[in-house]
There are 2 protein chains.
Amino acid sequence: MTTYYEEYSKVLVSVDCIIFGFDEGELKILIGKRKMDPGRDQWSLYGGFIHDEESVDDAANRVLFQLTGLRNIYMRQVGAFGNVDRDPGERVISIAYYALINVKDYDSNLQEEHGLKWVPVNDLPQMYSDHNTMVAKAHKMMQRKISHEPISFNLLPKLFTLTQLQKLYEAVCGEKVDKRNFRKRIKEMDFIEKTELIDKTSSKRGAYLYRFNKMAYNEDPNFKL
Amino acid sequence: MTTYYEEYSKVLVSVDCIIFGFDEGELKILIGKRKMDPGRDQWSLYGGFIHDEESVDDAANRVLFQLTGLRNIYMRQVGAFGNVDRDPGERVISIAYYALINVKDYDSNLQEEHGLKWVPVNDLPQMYSDHNTMVAKAHKMMQRKISHEPISFNLLPKLFTLTQLQKLYEAVCGEKVDKRNFRKRIKEMDFIEKTELIDKTSSKRGAYLYRFNKMAYNEDPNFKL
DNA sequence: CCAAAAGTGTTCCGCCTACACCCATGC
DNA sequence: GCATGGGTGTAGGCGGAACACTTTTGG
């Protein structure tokens with residue numbers, strides 16, 4: 001049986017992943033040196049080609065799993081990038097995704113293995129092809145989202161202090177916010193729960209640890225930072 | 001010379017266009033009956049396959065031009081849709097775009113020729129494949145945008161009345177707004193200029209016609225509705 | 001005892017919302 | 001003269017922004 005579309009030509013389609021992590025008070029992404037031609041040794045996002053039997057979202061999840069060993073990562077599509085000459089080797093259309101992970105969950109053996117490096121978003125090198133554009137767009141999308149949806153928690157440990165949460169917010173948005181106002185807003189969100197646990201790693205006095213209660217959020221999903 | 005990617009398989013990539021128009025006080029889109037198998041005679045967005053020598057954006061522009069005869073249409077990418085079985089004929093990844101046009105600029109001969117119909121967004125039929133999903137996402141994206149960026153004007157004639165602008169806004173957002181408050185906000189945007197011209201087609205008294213001054217907007221791009 | 005981070009309330013201003021009546025004209 | 005859509009201002013309340021000091025404890 002011949003297909004009805006046979007007169008049209010096909011192209012390679014890849015996914016590229018922008019993996020955000022929050023580390024040392026900075027928003028960073030995982031990048032590596034490209035291991036194939038063309039563009040060998042240029043800084044690059046991690047990506048992969050789409051297989052026949054998987055959806056585009058599945059491909060992104062597969063690539064993320066290869067890279068991080070983690071499943072059920074928070075992930076959103078950034079968009080399709082399809083300039084003709086964006087890949088010097090051959091026509092490739094790439095669909096970019098961004099993912100949010102907690103740096104501590106990340107197996108650093110895998111990092112070694114893939115030769116990857118955490119680099120601050122605000123201090124990226126020139127990267128292969130249009131990868132800088134992809135990152136810029138992903139970052140902007142995430143900035144918009146972080147004030148309206150509870151996505152911050154994907155970048156933090158299950159238990160976190162309010163200072164951590166605030167620093168993260170500041171790092172993503174690129175501006176400082178007032179501590180008291182920030183905490184006032186947090187208090188209004190019942191699904192951000194104070195525990196009795198105290199973290200003493202970052203201060204002598206210690207800070208209460210909080211947790212995000214997803215169930216509670218689903219019942220009353222009003223998030224505003 | 002062999003290519004370095006040859007071990008990966010290629011897929012068909014198409015673009016699908018969600019063409020928004022504002023007509024009779026409603027937000028509508030252009031859809032037609034599909035003219036090929038599979039899915040013949042199902043309602044469908046208008047689309048086309050990507051050619052070798054054009055970028056994805058160019059493909060979308062080409063398809064839009066075929067369809068409307070218009071160039072320089074306002075157009076934004078909605079995203080890539082890539083479920084394995086989204087097209088029953090063969091694996092096709094589709095990249096959706098939405099476009100905003102002024103219904104009056106649109107050549108209705110072309111509409112006849114392509115067998116297209118303006119259908120209210122809130123009253124869409126079941127469509128082919130995942131096209132309803134695409135429309136829903138496009139609509140949501142546009143709703144978010146219309147309050148922060150001056151995109152409304154793409155859906156209106158060059159000269160428009162404030163009532164038209166308000167009705168458009170209400171149609172896109174799906175809720176009524178207060179006339180005086182709406183006009184107050186308009187007054188604060190100097191780039192929405194009152195002309196001395198009066199439109200008498202929709203009232204006996206007549207209403208002042210306004211125009212969007214793009215130059216003025218670029219100098220002071222503060223848009224808020 | 002000192003340094004370093006955690007924690008906590010109040011005031012003020014600006015913006016957004018709610019709201020109702022007169023105007024101009026064609027028929 | 002009346003029906004139809006066009007056009008206009010104000011008052012009150014709410015939410016966001018600015019702002020500084022006390023607490024705890026390890027060293």
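Since we're looking at a predicted model, the values are computed, not measured. In what follows, every chain begins at residue 1, and chains take the letters A, B, ... in the order their sequences are listed.
The side-chain contact (heavy atoms from CB on, under 4.5 Å) check on A:Asp178 picks up A:Arg180, A:Asn181, with sequence neighbours excluded. Take A:Lys137 and apply the side chain to side chain donor-acceptor pair (under 3.5 Å) test, not counting sequence neighbours, and it matches no residue. By the side chain to side chain donor-acceptor pair (under 3.5 Å) test, B:Glu54 is found to be paired with B:Arg62, residues two or more places apart in sequence or in another chain being considered. Scored by the ring-ring contact (aromatic ring centres under 6.0 Å, His included) test, B:Phe191 finds B:Phe212, B:Tyr217 as partners (sequence neighbours excluded). Scored by the salt bridge (Lys or Arg N to Asp or Glu O under 4.0 Å) test, A:Asp130 finds A:Arg86 as partners (sequence neighbours excluded). Partners of A:Lys179 according to the salt bridge (Lys or Arg N to Asp or Glu O under 4.0 Å) rule, which considers only residues two or more places apart in sequence or in another chain, do not exist here. Checked against side chain to side chain donor-acceptor pair (under 3.5 Å), A:Asp23 has the following partners two or more places apart in sequence or in another chain: A:Lys28. Remark: B:Arg205 pairs with no residue by the side chain to side chain donor-acceptor pair (under 3.5 Å) rule, at least two apart or across chains.
Atom CD1 in B:Ile198 sits about 11 Å away from atom P in C:dG26, given to the nearest Å. Protein atom OH of B:Tyr208 is 13 Å distant from nucleotide atom C1' of D:dT8, rounded to whole Å. Separating the CG atom of B:Asp199 from the P atom of C:dG26 is a distance of 13 Å, rounded to the nearest angstrom. Whole-Å rounding puts the A:Met189 CE to D:dG15 P distance at 14 Å. We find that OH of B:Tyr210 is positioned 12 Å from P of D:dG6, with the value rounded to whole Å.
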Which atoms of nucleotides 25-27 of chain D (N or O only) lie under 3.5 Å from a protein N or O atom, and what are those distances?
| unit_1 | atom_1 | unit_2 | atom_2 | d |
| --- | --- | --- | --- | --- |
| D:dG26 | OP1 | A:Lys200 | NZ | 3.2 |

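Comparing A:Glu188 and B:Ala207 along DNA chain D, the residue whose closest nucleotide (by nearest heavy atom) sits nearer the 5' end is B:Ala207.
Scanning residues 158-169 of chain A for heavy-atom distances under 4.0 Å to DNA chain D yields an empty list. Residues of residues 175-185 of chain A having a heavy atom closer than 4.0 Å to DNA chain D, listed by number: A:Asp178, A:Arg180, A:Asn181, A:Lys184, A:Arg185.
Seen from the ring of B:Phe65, B:Arg71 counts as a face-on cation partner, given the 6.0 Å and 45° thresholds.
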Quick one: side chains of residues 218-225 of chain A, donor-acceptor pairs under 3.5 Å with protein atoms, not counting sequence neighbours, listed by atom name and distance.
| unit_1 | atom_1 | unit_2 | atom_2 | d |
| --- | --- | --- | --- | --- |
| A:Asn218 | ND2 | A:Lys214 | O | 3.4 |
| A:Asp220 | OD1 | A:Asn222 | ND2 | 3.0 |

Working for ring pair (Phe, Tyr, Trp, His ring centres under 6.0 Å), residues A:Phe160 and A:Phe153:
CA-CA 9 Å; A:Phe160 51 87; A:Phe153 312 109; 5.4 Å; yes

